Novice: 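Once you've had a glance at the structure underneath, I'll fire off some questions.
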Amino acid sequence: MSNHTRVTHFILRGFSDIPQLRLMAIPVFLLIYTFGLLGNLSIITAVTRDSRLHSPMYFFLKNLSFLDICYTSATIPKAVVISLTGSGVISYQECVAQLYIFLTFSSSECFLLTAMAYDRCLAILRPLIYGTIMSHKYCSALVVTAWVGGAIYSAFHTFNTFSLPYCGPNVIDHFFCDIPPVMRLSCTDYHLSEEVGFAVSSCIVMSSFALTVVSYIGIVATVLCIPSVEGRWKAFSTCSSHLTTVILFYGTGSFVYLRPASQYSPTLGPLASIFYSVVTPSLNPVVYCLRNKDMKFALQKLYCGRKY
């Protein structure tokens with residue numbers, strides 16, 4: 001590094017290099033962000049105010065909604081400002097902070113989705129002792145574990161990414177600081193760091209995903225043993241919303257993070273990121289409210305008052 005000047009700032013490309021497309025993207029992203037923000041805030045308020053929703057499932061849902069708000073707020077406001085001003089300059093320290101915050105929220109959501117799968121599995125497989133096991137203290141411990149696990153996991157990946165030397169170029173082909181596009185800018189061979197990061201991600205994230213899959217295998221096996229069709233549908237409907245969220249989250253996220261940084265596409269990479277970092281968190285309120293009568297009733301009561 002003695003013969004190189006260390007990068008002091010990066011330049012984010014934003015939503016697009018084309019000014020016309022960039023101006024078209026701004027209102028779309030603001031609309032999606034506002035919709036997700038209001039939807040998740042509505043869920044948090046409804047669950048907090050309605051005593052009928054004071055159960056483990058809705059406690060986890062409230063925390064998921066809070067995570068989704070933080071998740072989108074870590075990237076979209078900055079990206080919109082960049083697109084409006086036309087200046088994508090972000091300092092080295094800001095880029096480090098943004099990557100750490102974004103990964104903390106995204107990985108915490110991954111662990112929280114696993115805890116929610118365990119909650120649904122226990123509710124269906126062990127309904128008689130479910131209330132005893134899933135106490136408020138135990139649910140809080142699971143949420144805290146998800147947050148702490150996400151913070152530690154994010155700290156490792158942030159250090160693994162920015163321990164590499166960066167001496168130019170400094171243009172990030174993305175609308176926020178993410179691992180693949182940032183790592184590609186390193187002025188040394190980054191493949192060892194990439195392989196280490198991939199190995200850790202495979203062990204931790206895929207283990208979390210495997211636990212979610214195992215939980216649903218138990219759920220499906222139990223539901224199929226229910227004699228009546230109505231009973232099977234009622235049991236499965238309690239976890240269908242969560243299953244939809246899991247598929248959206250892992251399906252879009254794996255497209256970005258299960259590919260080598262050398263194969264990162266400046267076009268497809270940001271497009272896939274839009275789905276897992278913007279669209280999926282904003283759609284979660286819709287997914288949970290459309291399939292859940294109690295949630296719909298609580299929101300109607302929240303916004304329509306005594307009529308309901």
Side-chain angles (χ1 to χ4, degrees), residues 15 25 28-44 47 57-58 60-80 98-99 101-117 120 143 146-147 149-150 153-154 157 174-181 201 204-206 208-209 211-213 215-216 239-259 264-265 267-292 295:
F15 296 127
V28 173
F29 278 90
L30 279 176
L31 181 64
I32 296 174
Y33 175 67
T34 304
F35 176 79
L37 189 67
L38 293 176
N40 285 301
L41 281 173
S42 297
I43 287 179
I44 293 172
V47 172
M57 182 175 77
Y58 296 106
F60 288 125
L61 177 58
K62 181 170 68 171
N63 281 276
L64 179 67
S65 295
F66 177 71
L67 261 176
D68 285 337
I69 292 173
C70 299
Y71 194 16
T72 52
S73 298
T75 58
I76 296 303
K78 179 70 175 179
V80 169
Q98 187 182 54
L99 179 63
I101 292 170
F102 174 77
L103 288 179
T104 296
F105 293 142
S106 59
S107 52
S108 296
E109 179 155 336
C110 172
F111 301 143
L112 184 61
L113 287 173
T114 304
M116 294 174 75
R120 291 297 84 209
V143 171
W147 276 92
Y153 177 81
S154 176
H157 275 292
H174 213 310
F175 60 90
F176 69 94
C177 293
D178 203 2
I179 295 174
S201 297
I204 297 178
V205 177
M206 296 311 293
S208 181
F209 178 69
L211 289 173
T212 303
V213 171
S215 297
Y216 272 99
C239 53
S240 59
S241 299
H242 175 261
L243 181 60
T244 304
T245 302
V246 168
I247 293 172
L248 288 172
F249 182 82
Y250 281 102
T252 54
S254 60
F255 181 83
V256 175
Y257 295 108
L258 294 183
R259 295 160 60 101
Y264 175 80
S265 170
T267 303
L268 296 179
L271 186 61
S273 299
I274 287 170
F275 279 95
Y276 79 82
S277 65
V278 182
V279 177
T280 300
S282 300
L283 281 180
N284 281 347
V286 178
V287 171
Y288 274 93
C289 294
L290 285 178
R291 304 298 300 272
N292 192 304
M295 195 72 248

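Owing to the predicted nature of the structure, the values given are computational and were not obtained by experimental measurement.
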Novice: Run the side-chain contact (heavy atoms from CB on, under 4.5 Å) test on T245 and L283 for me, step by step, so that the C-alpha distance in whole Å, both residues' side-chain angles and the decisive distance to 0.1 Å come before the verdict.
Specialist: CA-CA 9 Å; T245 302; L283 281 180; over 6 Å; no

Novice: By ring-ring contact (aromatic ring centres under 6.0 Å, His included), which residues pair with F209, not counting sequence neighbours?
Specialist: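 Here the qualifying residues are Y250.
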
Novice: With rounding to the nearest 0.5 Å, note down the distance linking CG in L41 to CG in D68.
Specialist: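 If we round to the nearest 0.5 Å, L41:CG and D68:CG are 11.0 Å apart.
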
Novice: Are a donor atom and an acceptor atom from the side chains of H157 and S107 found within less than 3.5 Å of each other?
Specialist: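 H157 vs S107: no donor-acceptor pair found between side chains.
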
Novice: Check ring-ring contact (aromatic ring centres under 6.0 Å, His included) between Y216 and all other residues, then give those that pass, not counting sequence neighbours.
Specialist: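 Scan of Y216 (ring-ring contact (aromatic ring centres under 6.0 Å, His included), adjacent residues dropped) gives H242.
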
Novice: Not counting sequence neighbours, which residues clear ring-ring contact (aromatic ring centres under 6.0 Å, His included) with F111? List them please.
Specialist: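 With neighbours one apart ignored, the set is empty.
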
Novice: Taking the side chain as every heavy atom from C-beta outward, state whether V80 and P77 have any atom pair closer than 4.5 Å.
Specialist: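 No, their side chains stay 4.5 Å or more apart.
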
Novice: I'd like to check S154 versus F102 (side-chain heavy atoms, cut-off strictly below 4.5 Å). Are they in contact?
Specialist: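 No; the side chains remain at least 4.5 Å from each other.
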
Novice: Nearest 0.5 Å please: distance from the OH atom of Y58 over to the CG atom of L64.
Specialist: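 Reported value, rounded in 0.5 Å steps: 13.5 Å.
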
Novice: List the residues meeting ring-ring contact (aromatic ring centres under 6.0 Å, His included) with F105, not counting sequence neighbours, and say none if there are none.
Specialist: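 ring-ring contact (aromatic ring centres under 6.0 Å, His included) list for F105, sorted by chain: W147.
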
Novice: When you measure from the side chain of S208 to the backbone N and O of I204, does any donor-acceptor pair fall under 3.5 Å?
Specialist: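 A pair under 3.5 Å: no.
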
Novice: Under the disulfide (SG to SG under 2.5 Å) rule, collect the residues that match up with C110, sequence neighbours excluded.
Specialist: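 Per chain and number, C110 pairs via disulfide (SG to SG under 2.5 Å) with no residue.
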
Novice: Let me confirm one number: the CD1-SG distance from I101 to C177, rounded to the nearest 0.5 Å.
Specialist: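 SG of C177 is found 11.0 Å from CD1 of I101.
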
Novice: Within this structure, what is the OH-OG distance for the pair Y71 and S106, rounded to the nearest 0.5 Å?
Specialist: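 Answer rounded to 0.5 Å: 5.0 Å.
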
Novice: Tell me, with the steps shown, if M295 and V47 meet side-chain contact (heavy atoms from CB on, under 4.5 Å).
Specialist: CA-CA 8 Å; M295 195 72 248; V47 172; 4.1 Å; yes

Novice: Would you say the side chain of L113 lies within less than 4.5 Å of the side chain of T212, judging by non-hydrogen atoms?
Specialist: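 They are not in contact (no side-chain heavy atoms under 4.5 Å apart), so the answer is no.
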
Novice: With rounding to the nearest 0.5 angstrom, report the CG to OG1 distance, L67 to T72.
Specialist: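 If we round to the nearest 0.5 Å, L67:CG and T72:OG1 are 10.5 Å apart.
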
Novice: Rounded to the nearest 0.5 Å, what's the gap from CD on E109 to CG on N284? Could you check?
Specialist: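 The distance works out to 6.0 Å.
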
Novice: Under the side chain to side chain contact (heavy atoms under 4.5 Å, CB included) rule, collect the residues that match up with S215, sequence neighbours excluded.
Specialist: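 Scan of S215 (side chain to side chain contact (heavy atoms under 4.5 Å, CB included), adjacent residues dropped) gives A117, C121.
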
Novice: Do Y153 and S108 pass the side-chain contact (heavy atoms from CB on, under 4.5 Å) test, and can you show the C-alpha distance, the side-chain angles, and the key distance before you say yes or no?
Specialist: CA-CA 9 Å; Y153 177 81; S108 296; over 6 Å; no

Novice: Between Q98 (side chain) and A74 (backbone), is there a donor-acceptor pair under 3.5 Å?
Specialist: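 Pair found, side chain donor or acceptor close to backbone of A74.
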
